[in-house]
Amino acid sequence: MRDVRSAHRRIGRWGAAAVALAVLASASACSRSGAGDALPVSAGASTGTTAIKGDIAFNDANLAKLDAALKAALAGRKLSALDEAMVVNVAVDYWNAGRAGFTKGLKDLGIKGTYQAPANGRLDQQLSIIQTLRGQGITGMSVSAIDPTAIRTPIASANSAGIPVLAIDSPLPAQDGADLYLGTPNYQAGQKAGEAMKQALGGKGQVVILVGSLTASNAVERIQGFQDALKGSGVKVVQKLSDGMDASKALSNAQTAFQADPGVNGIYGVYSYDGPSAGQAVQAAGRTGRIKIISDDSDPQTLKFITSGVIQATVLQQPYQQGYTGAYLLAALKVLGKNATLKLVRPYLDSDGTTLSSGVGLVTRANLPAYQAKLKALGIG
C-alpha cells in the first residue's frame, strides 16, 4: 500500500511524493538489502526456511512523473464544474489510504468529489451507489468492481453520457468499457506472495488459500500468480476457501482448514481481512510459527501480527496512489479527452498496454519500520 506527502501546498502531492521519496530513499533501499532483508522467519520455523526479502519501492517514481505531467496538462483549464466519485468494493481499513489520496487529489485540483464504499461488500449496494451518484451529476468515476459482469451496463451507461470510468484495484475486461486500469498488477502480486510462501515453508508444505471471492478478477489473478510461483516446489495448494467478504467466515474457514487437515502448515490470505483472520485462528490454536501466513494488504492487525511473528510477510498495494492519481486521471479524461490523456499515460503503462501499475511491495518484520515511515510521510497512520 501506498504513500508519500509533506511539501504539499501549491506544488501538489506529486511534489510531496518526490520530497518524501528522497527523504526515504535510504529506507527504501534497505528494503532490498541490509535492514530491508527480512529477519529469519519467526520462532518455530522448520529446518530449511530462508529469510523473506522485503521491498517497498512500489511504482512511486513513475507515478510522481505522471502526476506532474497530468498537472501540467490541466494547468489553466477550467475544472470547477468537475464532480468526481471513487467507489470501492467494501468498507475496510485497506481503503482508508485510498480515500485519503482521493481527498488530497480533489483538494489539489480544486474540485468536488465523493468517496463511497458498500458497508458489507454487497454487489447490490455497490450498484445502488453508482446509480445514485449518476443521478447527482458526477463527471467521472473510479470503481473497484465487485463483479465485472454486473458493472458492464453501468459503465456503458456512463460512457454514453460522456462520463469517464477508471477501473481501480481490480481490472475489468476490455469489453466492459473502462478507460484504463490503475492498480496492482495482481498476477505479479500473487507471484510475490507465492515466492514468500516458498521461503517461509522451506520449499515444502500444504497451503490453504482464504479469499473474499473466487470470481473477482483481482482474486483470480492473484491466486493464479500464487500457484504459478509454487510450481516445481514441494509446496501445494490443498484448498481455496471463499468467505464472501466476511471476516468472521474467513476466521472459521481458517480454523476448520487446519483442524481438519493437520498437514496444513501455510495459509495465504488474499483479501485485506483474510490475513488477520488467519492470524487470529493460528494464534488462538497455539500454532504461531508452525503455520506460516502470507497475507495481502496493510490492515492494522496484519502489521501487528507481522511484528509479533504470527504473519511472516504481507504483499502490499498502493491504494493512496489509486485515489490520488485516480482523481487526476478522471479530470484529464473529462477535460482533455481520452486520446490526449492516454498519450500522457502510455509511457508508464505495463507491457499489457492497459495497466497503470501502482506497484507491489512486500513487508516483513525487518522492513516494517521503513514502511511505517513512508506512511507517516504521506500523513497516514
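Hydrogens, waters and symmetry mates are skipped; everything else that's a heavy atom, side chains included, is used. Given the structure is predicted, the values throughout are model-derived calculations rather than measurements.
Looking only at distances, no side-chain donor or acceptor of N89 sits under 3.5 Å from a matching main-chain atom of A145. Side-chain atoms of N159 never come within 3.5 Å of backbone atoms of D179 as a donor-acceptor pair (strictly under, hydrogens ignored). Although no hydrogens or angles enter the test, the distance criterion places a donor-acceptor pair under 3.5 Å between the side chain of Q126 and the main chain of V88. Judged by distance alone, the side chain of K198 and the main-chain N or O of A229 form a donor-acceptor pair under 3.5 Å. The backbone N or O of A313 lies less than 3.5 Å from no partner atom in the side chain of T364, so there is not a single donor-acceptor pair.
Side-chain atoms of T215 and S213 include a donor-acceptor pair closer than 3.5 Å. In summary, the side chains of T307 and R365 do not present any donor paired with an acceptor at a separation below 3.5 Å, with no hydrogens or angles considered.
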(message) Quick one, K204 with N265, criterion side-chain contact (heavy atoms from CB on, under 4.5 Å). Give me CA distance, side-chain angles, the key distance, then yes/no.
(response) CA-CA 9 Å; K204 184 178 181 180; N265 62 347; over 6 Å; no
(request) Determine, step by step, whether S295 and T302 satisfy the side-chain hydrogen bond (donor to acceptor under 3.5 Å, both in side chains) criterion, reporting the C-alpha distance in whole Å, the side-chain angles of both residues, the deciding distance to 0.1 Å, and the verdict. (result) CA-CA 8 Å; S295 63; T302 296; 4.5 Å; no
(request) Begin from the C-alpha positions of D169 and Y94 and carry the test side-chain contact (heavy atoms from CB on, under 4.5 Å) through to its verdict. (result) CA-CA 11 Å; D169 182 58; Y94 164 75; 3.4 Å; yes
(request) Just do the side-chain contact (heavy atoms from CB on, under 4.5 Å) check on L330 and S142 with the steps written out, would you? (result) CA-CA 8 Å; L330 289 176; S142 61; 4.1 Å; yes
(message) Before you tell me yes or no, could you show the steps for V143 and L166 under side-chain contact (heavy atoms from CB on, under 4.5 Å), namely the whole-Å CA-CA distance, both residues' side-chain angles and the distance that decides it to 0.1 Å?
(response) CA-CA 6 Å; V143 59; L166 172 69; over 6 Å; no
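To the nearest 0.5 Å, atom OG1 of residue T114 and atom CD1 of residue I138 are 9.5 Å apart. Considering CG of L342 and CG of L333, their distance stands at 6.5 Å, rounded to 0.5 Å. Residue L201 holds its CG atom at 9.0 Å from CG of L230, rounded to the nearest 0.5 Å. The line from CZ of R222 to OH of Y187 is 14.0 Å long, rounded to the nearest 0.5 Å. Atom OH of Y328 and atom CG of L182 lie 14.5 Å apart (nearest 0.5 Å). To the nearest 0.5 Å, the span separating CD1 on I306 from CG on D299 amounts to 11.0 Å.
Between R152 and Q175, the closest side-chain pair of non-hydrogen atoms falls below 4.5 Å. Side-chain contact between R290 and V282 is absent, with no heavy-atom pair separated by less than 4.5 Å. For the pair F102 and Q322, the minimum side-chain heavy-atom distance is 4.5 Å or more.
Residue-environment remark: CD (Q259) exceeds the threshold of 12 foreign heavy atoms within 6.0 Å.
In the hydrophobic clustering of ILVMFWY residues, with side-chain heavy atoms under 4.5 Å counting as a link, L251 and V90 come out apart. No path of Ile, Leu, Val, Met, Phe, Trp and Tyr side chains, each step under 4.5 Å between heavy atoms, connects I155 with I163, placing them in separate hydrophobic clusters. Cluster annotation: V220 and V208 are assigned to distinct hydrophobic clusters (Ile/Leu/Val/Met/Phe/Trp/Tyr, side-chain heavy-atom contacts under 4.5 Å, transitive).
Ionic pairing of K192 and E195 is not present here: no N-O contact between side-chain nitrogen and carboxylate oxygen is shorter than 4.0 angstrom. Using a cutoff of 4.0 Å between basic side-chain nitrogens and carboxylate oxygens, D108 and K71 are not scored as salt-bridged.
Applying the ring-ring contact (aromatic ring centres under 6.0 Å, His included) definition to pairs two or more places apart or across chains, none involves residues 269-311. Note on residues 329-349: no pairs pass side chain to side chain donor-acceptor pair (under 3.5 Å), not counting sequence neighbours. Residue pairs meeting the ring-ring contact (aromatic ring centres under 6.0 Å, His included) criterion with at least one member in residues 204-253, sequence neighbours excluded, are F226-Y268.
Tested against Y181, the residues N186, T355, D350 include a single side-chain hydrogen bond (donor to acceptor under 3.5 Å, both in side chains) partner, N186.
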